[in-house]
Each structure stands twice: as C-alpha cells, then as structure tokens.
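Let me begin by presenting the structure, written as structure tokens, before commenting on it.
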Amino acid sequence: MLTDPDTVSLELRRYRSAQPGQLTLVGATLIDCTGSPARPDCTVYVDGDRIRFAGPSPDFAVPPEATAVDCSGKFVIPGLWDMHVNWYDRETLGLFVANGVLGARQFWGTPEYHDWNRDARTGRHLSPRWVVGSTPLDGPEPQFIGYRPVEDESDARLAVREAAEEGAEFVVVNSTLRRSAFFALADEAQRLGIPFCGQVPSGVTMWEASTAGMSSIEHLLGVGLATSALAADLQESKDQRSGHGNPQSLSSTADLEIRAAGSYLPGLAGDLFAHFVAHGTWHVPTLSALRAGLLRGAHARADDERLSYLPRYTAEGWRDNAVEGGGSEDASRRVFDHQLFLVGAMHRAGVRLMAGTGAILYPFCFPGFSLHDELELLVEAGLTPLEALQCATRNPAEYLGEPDRGVIAAGAAADLVLLDADPLEEIGNVRRIDSVVTGGIHIPRGGLDAMLREVRSLVSAS
C-alpha cells in the first residue's frame, strides 16, 4: 500500500499530508489557456486550493505570510487532463501527477475509483482528480470480461439507472451495443441527466449518435467511414467483421479505412462536422492509442525507460508487442495519416476536441507520460501548440461544466504546472516540468522525482 512506512519516503508523506496555505509563484510567463497571449513576468497567488490573483508582478504585493517561489524563466500552465484513461493500478497513480496530469476521466469505472478521489483528499496518496464512468455497457456477448452485457431496451434503461446509483459520472457505451438498446440508453440517460459517451455502436450512424445526445465520441471510430463516398458499403463490411469497430481491431480493418481515406468527400465531412458542432458532440481522438494500435512496433522501443514504471507483466507484454510489430506498415501508416488529417479537419470546422490517451488500452500508452505524446500528435494534426494545450486544460473543464478549472484566473482551482521551457514555441516542452501545484500544494522537481522513484520501487517489488 502507498501508506506503508517502509516504502513511502518522508518527503512524499509530507506532501500527502500537507494542507494548502498561501503560495505565490513570482516572475513566470503566464500561459492561462483562455486564448490570451502569453504574458511575461506574472505572479500567481494561491490561497488554499484557489487562485486569487494571476497577472503582472508589479500589480501584486506578495503577502509576507505567503510562501514565495521564484519562477523567473519558468512558464506556468494549468494542470493537464487526460480525458480517456483505462487505468487500474493504484500504485502507479504518481505517474500522472509527476507528468503534470492532475485530472483524468476513467472509462472503466467501478465504485473503487471513487475511493481514489477520497484518499487523495485525505492525504493517503497523491493522485489526479478522477471523473469516473460506469462499467462499459455492451451487447449480449461483451467483447471483454467485466463489461456489462445489455440484452434489450428495458435492460439498457436498468443499466443506466444502476450506473447512476453506483455514483458513475457518465455512462460508457461500447461498440456492440444493439441499436434499440442504444436509443433506450440515450433516452434514459437524458431523463436522469447523466452524460453518455464512448464508441458509436455498429448499426448506429455518427449522425444518429450525435442527435441522440452522445456527449463525446472516442477514438475517431466511424469518422473515416462516415465521411467517405462509400460510407454505407464500408460500414456494412465493417459490421460483418468480428471487431465491430473496437479500436483493438483497427489493424484488421485497415483495408476499409484505406478505402475510406481514398474516397473522402469534403462536402459530406463538412456536413457531418457541422452536425457535431450543432449538437455539442465532442471528440477525443486518442491519437497516441490509434498510433499504437496501428503502427505498434514502428514507434515503440523495447528499451523504453518508461517501461520501468509499470508492473512487470505489463512491461513484458508491451515489449513482446514491440518486437512482433503489426501488420502492413505502409497500409497502417496511410490509415494513421488520414486520422491525423481528420482531426485537423474537424478542428478547423469547429468540432470541440479533448486530449486523451487510452492509457493501458494499447501497448506503449503510458499513464501520465503519453499525454505529452498526445499533445505532440495534436500539433502534428494541425493544431497550434496553444490549441493543443487547450485540449488538455480549458476544453475538458468546459466539457465537464467546471469553468473554475482548466485556466489560470482568479477563482480558478489551484492546479498548475511550472515548465522550464516555452510550450508555445515547442509543444514537447510540456515534458520539461519544474514543479506542479495540485490542490494548492506545491511539489518541486525533487518531490516529483521521489514519486517516480517510489512507483519504480513498488512495481519492481510486485
């Protein structure tokens, strides 16, 4: 357990038990993620777990009782969010915080994940703030052990009520849910006021899912086919295959995706994207997961140092995957390049995007670390560095209906990341973390390194 005195350093116990006081970050360049330009020589004043001032340093007198941190030459951004996580290992939660990921949306939820939030508040461990979904709802023969089978319309309504009673903050939809059950689920979720999101089931069009109120669509699944001149034929072929659109079967449907890319219709795509905008349908592309699922060994390294932070059985399985590689690299690359194109096209059309990694869903999708990969891929897709940052800060806060998060402004939550280099100049600089502030608690680089060492020690002993 993370509270075992034999494994938890005195330094980390100090941060876990700390109570937020008054903290002043002085002299940083402020990137508030509201859309305003970066502002040099700013001060951020934190009192408790809230920001009370964020602006030019000459305009603020540092209270003598506040802990002042010299941030000259640093860049301050809001805490990052990973909006698609399938993580399960309590001992590795420090990997998120050490990488500046201070919020996450859990897509395979059970009541125990709510304990993670409670334990973080009571100082038992350092963890992101979790938004916890339901157990994924699937068809009568679920794709994965542990998914909740849904038999029919009445069962779909019951499943939504069960999820709400268990405290789920959103309902997770999987791809083999039957059409009639999907629409019953959508109606019951809207009646109860609980969002539903995930994969658009086979037999339901992207247009219908958006109209039905699906709050976010994950992994771009179905977007390529829905924007093709061959949409109906390709979807029928895909539905006949055992993958049923699950992201883990992308390599087996690459031929359909290639045909879709070659028959892309800008007019059809524009109409679909406008439909998403009109109905408030968000997208979480999880490009890092798509790249891993398609290219596999092409981007992964068996000697990746980040593997040392994972349980042995996970790391060994991922190494095997890197050695084995995937199918046709040329075909897979063509599919992934089209997915990058689609993300850029959706963004230009005004479709709202959020950053998510699908951490653990695919090999080499690391908790915490891969959010940085995702931001780089969003820039590769055509977003500016600021727009990519907003996908992991302001946009998640807006999606969750929590305007007091995701930006740096008076009254906002005191979740911050201090960087040693400018992420607007090069988005990869989000990896160069000097320190984080989580819930008003400042954790310097030494504390973050201690968190990483602790995770490595715990997983090596397991």
Side-chain angles (χ1 to χ4, degrees), residues 2 79-108 113 116 125-128 130 218-219 247-248 284-326 336 354-380 388 391-392 417 423 427-433 436 448-460 462:
L2 292 177
L80 302 171
W81 277 77
D82 187 334
M83 291 298 283
H84 192 114
V85 171
N86 298 271
W87 200 242
Y88 62 89
D89 194 332
R90 190 186 185 101
E91 292 184 340
T92 60
L93 294 182
L95 297 179
F96 290 98
V97 177
N99 282 284
V101 180
L102 306 182
R105 192 169 58 143
Q106 171 62 258
F107 262 75
W108 195 328
Y113 291 106
W116 292 3
H125 65 82
L126 293 165
S127 166
W130 291 91
E218 313 297 306
H219 313 305
Q248 293 196 15
V284 184
T286 65
L287 289 167
S288 48
L290 295 176
R291 180 180 65 176
L294 284 163
L295 302 180
R296 300 174 71 184
H299 81 282
R301 298 194 331 269
D303 62 347
D304 194 316
E305 181 186 1
R306 296 174 295 180
L307 291 168
S308 65
Y309 297 109
L310 300 180
R312 185 178 296 108
Y313 60 87
T314 301
E316 289 176 352
W318 286 12
R319 288 191 183 98
D320 291 342
N321 182 277
V323 172
E324 293 170 3
F336 185 65
M354 296 183 287
T357 65
I360 201 60
L361 186 65
Y362 286 112
F364 295 87
C365 288
F366 295 90
F369 295 102
S370 283
L371 197 278
H372 306 154
D373 300 338
E374 188 71 18
L375 297 181
E376 290 176 334
L377 288 169
L378 287 170
V379 170
E380 187 177 344
C391 288
V417 182
I427 191 61
N429 287 333
V430 294
R431 303 177 191 277
R432 299 180 60 182
I433 297 174
V436 304
L448 302 179
D449 289 339
M451 295 173 70
L452 294 174
R453 289 194 300 271
E454 179 188 61
V455 171
R456 182 178 283 168
S457 175
L458 288 169
V459 300
S460 66
S462 62

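Throughout, residue positions are numbered sequentially from 1 according to the sequence presented. Note: hydrogens, waters and symmetry copies are ignored here, and every other heavy atom, side chains too, is used. Keep in mind the model is a prediction, meaning the values are calculated, not measured.
Atom CG of L310 and atom CD1 of I360 lie 6.5 Å apart (nearest 0.5 Å). With rounding to the nearest 0.5 angstrom, the CE atom of M83 is 4.5 Å from the CZ atom of R105. Here the CG-CD distance, from L290 to E218, works out to 11.0 Å after rounding to the nearest 0.5 Å. Considering CG of L295 and CZ of F364, their distance stands at 13.0 Å, rounded to 0.5 Å. One distance of note links CG of L80 with CG of N99; it measures 9.0 Å at 0.5 Å rounding. A distance of 10.5 Å separates CD in E374 from CD in E376, rounded to the nearest 0.5 Å.
Checking side-chain atoms of D304 against main-chain N and O of R306 turns up a donor-acceptor pair under 3.5 Å. Side chain of S308 to backbone of E305: a donor-acceptor contact under 3.5 angstrom is found. Here the side chain of D82 pairs a donor or acceptor atom with the backbone of T357 at under 3.5 angstrom.
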L448 and L452: CA distance, side-chain angles, deciding distance, side-chain contact (heavy atoms from CB on, under 4.5 Å) verdict: CA-CA 6 Å; L448 302 179; L452 294 174; 5.8 Å; no
List the steps, then state whether side-chain contact (heavy atoms from CB on, under 4.5 Å) holds for R453 with D449. CA-CA 6 Å; R453 289 194 300 271; D449 289 339; 3.7 Å; yes
Step-by-step side-chain contact (heavy atoms from CB on, under 4.5 Å) determination, V436 to M451: CA-CA 12 Å; V436 304; M451 295 173 70; over 6 Å; no
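The side-chain heavy atoms of V101 and W81, taken from C-beta on, include no pair separated by under 4.5 Å. Within the 4.5 Å cutoff, the side chain of L93 has no heavy atoms near those of the L126 side chain. Considering only heavy atoms from C-beta on, W108 stays 4.5 Å or farther from W87 through its side chain.
A315 approaches L307 most closely through the heavy-atom pair CB-O, 3.7 Å. Here the closest non-hydrogen pair linking A292 and C365 is CB-SG, 4.1 Å. The two residues Y88 and P311 make their nearest non-hydrogen contact at OH-CG, 4.2 Å. When all heavy atoms are compared, the tightest approach of G358 to T286 is N-CG2, 4.2 Å. Of all heavy-atom pairs between C391 and L378, the closest is CB-CD1, 3.9 Å. For A355 against L371, the heavy-atom pair with the smallest separation is CB-CD2, 4.0 Å.
Applying the side-chain hydrogen bond (donor to acceptor under 3.5 Å, both in side chains) test to N86 and every residue at least two apart in sequence or in another chain returns H84. By the side-chain hydrogen bond (donor to acceptor under 3.5 Å, both in side chains) test, Q106 pairs with no residue at all, sequence neighbours left out. Listed by chain and number, the residues in a side-chain hydrogen bond (donor to acceptor under 3.5 Å, both in side chains) with S460 amount to none (sequence neighbours excluded). With sequence neighbours excluded, the residues that form a ring pair (Phe, Tyr, Trp, His ring centres under 6.0 Å) with F369 are Y309. Every residue two or more places apart in sequence or in another chain was checked for a side-chain hydrogen bond (donor to acceptor under 3.5 Å, both in side chains) with D89, and none qualifies. In this structure L377 satisfies the side chain to side chain contact (heavy atoms under 4.5 Å, CB included) test together with L287, S288, R291, F336, E380, sequence neighbours excluded.
The six-membered or imidazole ring of Y313 lies away from that of W318, with a centre-to-centre distance of 6.0 Å or more. Taking the six-membered ring for Trp, F96 and W130 have ring centres closer than 6.0 Å.
Checking V85, V97, L102, L95 one by one against P128, the side chain to side chain contact (heavy atoms under 4.5 Å, CB included) holds for a single residue, V97.
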